[in-house]
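Just below is one structure, and these are the notes that go with it.
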Protein chains: 2
Amino acid sequence: MAEPTVHVVDDDEAIRDSMTLYLKSMGLNARTYASAEEFLAVPEPARPSCLVADVRMPGMSGLELQKLLRERGSSMPIIFITGHGDIVMAVDAMKEGASDFLEKPLDNSLLLERILENLEKDADTQQKEHRQSDAGEHLARLTAREREVMDLLVEGKLNKVIAAELGISVRTVEAHRARVMEKLGARSLSDIVRLALSAR
Amino acid sequence: MAEPTVHVVDDDEAIRDSMTLYLKSMGLNARTYASAEEFLAVPEPARPSCLVADVRMPGMSGLELQKLLRERGSSMPIIFITGHGDIVMAVDAMKEGASDFLEKPLDNSLLLERILENLEKDADTQQKEHRQSDAGEHLARLTAREREVMDLLVEGKLNKVIAAELGISVRTVEAHRARVMEKLGARSLSDIVRLALSAR
DNA sequence: GTGTAAATTGGTATTTATACCTATACAAAG
DNA sequence: CTTTGTATAGGTATAAATACCAATTTACAC
């Protein structure tokens with residue numbers, strides 16, 4: 001597993017510096033960005049990661065950054081920090097999937113605790129996503145016809161039923177079925193079913 | 001599906017009355033409770049339901065009520081309302097799985113909107129939970145031996161392999177397998193696999 | 001056009017699973 | 001003691017899947 005990293009996005013240089021100093025003193029990898037735009041400009045960080053972002057910043061706000069990341073499909077945990085937040089803002093952020101919402105002035109040990117929680121959670125998330133994308137890649141290797149046959153197979157239909165539904169011979173279904181098993185590295189029907197279910 | 005119902009828990013009678021009046025005028029079923037204790041005293045409400053609870057109340061607080069319900073395994077959506085809340089309180093509630101956190105004075109149309117969202121979401125949740133408990137009940141009907149056979153079956157093993165592993169004849173495995181299919185109402189192996197996976 | 005991947009179909013033999021049937025042994029519950 | 005449920009095992013016949021083999025057609029890219 002890659003080195004866990006904390007990504008700090010805040011327009012206030014003093015905060016960036018002190019936070020980085022603190023996190024590094026606690027043995028954590030930390031990177032800083034002066035704006036949401038700067039964070040988005042770098043290649044997607046390796047996981048497990050945790051984003052610590054100010055809500056109010058010149059340019060793109062922390063909440064807009066969150067929205068963009070989620071649309072982009074990133075599930076990176078986000079801890080918001082704010083000097084002048086209110087309940088509505090906090091609740092909205094949480095509903096959009098923020099992990100936490102802390103007020104300045106920051107309690108460093110509290111922040112660290114939350115960061116560690118989220119790094120751990122993200123490691124699990126990453127594993128799960130990895131399994132899913134593995135399954136997805138395997139499925140992507142199937143041709144359209146093979147995929148059709150597999151879907152019907154997963155529904156529990158017999159080769160002869162599949163053949164009838166697709167208007168082809170049982171022999172052809174058998175051929176496709178064998179190819180599906182081979183491409184997916186499955187040794188039994190239950191492997192196929194599990195793979196199909198885990199991929200969605 | 002049962003009638004969707006809103007459960008209002010607030011110690012302020014004026015708020016209970018006005019909210020009930022409003023919700024009923026909008027065609028919703030509403031029940032009121034003067035305290036968390038009173039809500040807990042009644043039998044668990046039918047779903048889909050949505051709980052609207054004040055945070056600060058004499059006796060048990062709204063947040064304590066939420067904690068208790070979650071421990072009890074209830075997934076009922078909860079909308080908190082509060083007159084003197086702060087960010088920490090709201091964030092904690094959201095992290096514990098609250099659906100929303102609104103401040104008094106309440107905007108009735110906003111509240112209604114959130115309630116409707118949550119009733120809809122709860123209908124889905126209920127369906128999902130129903131399927132899961134169905135699966136669980138079916139599995140509970142199996143004898144220990146049948147369950148053993150089923151587990152190996154789900155792992156993709158052939159009858160003869162199962163027979164060897166359990167030290168019994170293939171015939172017996174076939175008998176158990178047939179009983180499993182019958183008890184679970186499964187028409188194919190993939191039904192079994194799906195059921196086994198959805199039950200955990 | 002030529003080549004490649006995909007989809008299609010067939011033969012044969014073997015292995016598995018299924019659908020019926022019956023039957024014995026044992027333990028717990030009535 | 002009898003009944004019920006469970007686990008065990010077998011017979012027979014059919015249906016289905018698998019493991020090998022080989023072949024034709026079609027569509028798309030180079």
Side-chain angles (χ1 to χ4, degrees), chain A residues 131-200, chain B residues 131-200:
Chain A
R131 272 201 299 275
Q132 278 191 1
S133 72
D134 267 9
E137 281 166 30
H138 275 142
L139 289 183
R141 287 209 196 117
L142 301 180
T143 66
R145 202 52 154 173
E146 285 162 356
R147 182 61 192 265
E148 267 184 298
V149 171
M150 189 200 76
D151 287 342
L152 296 173
L153 214 47
V154 169
E155 286 175 30
K157 295 182 172 160
L158 299 176
N159 286 355
K160 61 184 305 190
V161 176
I162 297 173
E165 284 192 26
L166 297 182
I168 58 181
S169 84
V170 177
R171 280 321 180 48
T172 310
V173 175
E174 285 169 358
H176 287 314
R177 181 173 183 157
R179 289 286 292 163
V180 169
M181 300 282 285
E182 187 195 334
K183 282 187 178 177
L184 300 187
R187 295 166 338 289
S188 66
L189 177 58
S190 70
D191 283 352
I192 301 280
V193 176
R194 266 196 301 276
L195 207 138
L197 293 181
S198 74
R200 52 182 71 147
Chain B
R131 272 201 297 276
Q132 277 192 2
S133 72
D134 268 10
E137 282 166 28
H138 277 143
L139 290 183
R141 286 206 198 121
L142 300 180
T143 66
R145 200 54 155 173
E146 284 162 358
R147 182 60 192 266
E148 265 184 299
V149 171
M150 189 200 76
D151 287 341
L152 296 173
L153 214 46
V154 170
E155 286 175 30
K157 296 183 172 160
L158 298 177
N159 285 356
K160 62 184 304 190
V161 176
I162 298 173
E165 284 193 26
L166 297 181
I168 58 182
S169 84
V170 176
R171 280 326 179 46
T172 310
V173 174
E174 286 170 357
H176 287 314
R177 181 174 182 156
R179 289 286 291 162
V180 168
M181 300 283 284
E182 188 195 335
K183 283 188 178 176
L184 301 187
R187 295 165 340 288
S188 66
L189 177 58
S190 70
D191 284 352
I192 302 278
V193 176
R194 265 195 303 276
L195 207 137
L197 293 181
S198 74
R200 55 185 65 150

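The nucleotide whose nearest atom lies closest to any side-chain atom of Ser169(B) is, among dT16(C), dA17(D), dA9(D), dA9(D). Closest approach to the His176(B) side chain among dT18(D), dA7(D), dA9(D) is made by dA7(D) (side chain taken as heavy atoms from C-beta onward). Listed candidates were dA17(D), dT18(D), dT8(C). Nearest to the side chain of Glu174(A) is dT18(D). Nearest nucleotide to the Ile168(B) side chain, out of dA7(D), dT8(D), dA17(C): dT8(D).
Using a 4.0 Å cut-off between charged side-chain N and carboxylate O, Glu174(A) and Arg177(A) make no salt bridge. Salt-bridge check for Asp134(B) with Arg131(B): failed, with every basic side-chain N at 4.0 Å or more from each acidic carboxylate O.
Computed from coordinates, the Arg145(A) CZ to dA5(C) C1' distance equals 16 Å when rounded to whole Å. For the pair Arg187(A) CZ and dT18(D) P, the computed distance is 14 Å after rounding to whole Å. With rounding to whole Å, Arg147(B) atom CZ is found 14 Å from dA7(D) atom P. Computed from coordinates, the Arg179(A) CZ to dA19(D) P distance equals 14 Å when rounded to whole Å. What separates CD of Glu182(B) from P of dT6(D) is a distance of 11 Å, to the nearest Å. In this structure, the CZ atom of Arg141(B) is 12 Å from the P atom of dT6(D), given to the nearest Å. A straight line from CG of Leu166(B) to P of dA9(D) spans 11 Å, rounded to a whole angstrom. If you take CG of Leu189(A) and P of dA16(D), they are 15 Å apart, rounded to a whole angstrom.
Using a 4.0 Å heavy-atom cutoff across all strands shown, Thr143(B) reaches sugar-phosphate atoms only and no base atom. Residue contacts for Thr172(B): at a heavy-atom cut-off of 4.0 Å it reaches a base atom on one of the strands shown.
The two atoms that bring Ser198(B) and Gln132(B) nearest to each other are O-CG, 3.5 Å, heavy atoms only.
On a pure distance criterion of 3.5 Å, a polar donor-acceptor pair joins the side chain of Arg171(B) and the base of dT12(D).
For the pair Lys160(B) and dT15(C), the criterion of a side-chain N or O lying under 4.0 Å from OP1 or OP2 is not met. Side-chain N/O atoms of Asn159(B) include one lying less than 4.0 angstrom from OP1 or OP2 on dA17(C).
Taking for each of Val170(A) and Ala178(B) the nucleotide of DNA chain C with the nearest heavy atom, the 5'-most of the two is the partner of Val170(A). Nearer the 5' end of DNA chain C, as judged by each residue's closest nucleotide, is the contact made by Lys183(A), out of Lys183(A) and Gly167(A). The residue among Leu158(A) and Ala144(B) whose nearest nucleotide of DNA chain D is located toward the 5' end is Ala144(B).
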Set out, in order, the CA-CA distance, both residues' side-chain angles and the distance that settles side chain to side chain contact (heavy atoms under 4.5 Å, CB included) for Arg145(A) and Ile168(A), then state yes or no. CA-CA 11 Å; Arg145(A) 202 52 154 173; Ile168(A) 58 181; 3.4 Å; yes

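Between the side chain of Arg179(B) and the main chain of Leu142(B), no donor-acceptor pair closer than 3.5 Å is present.
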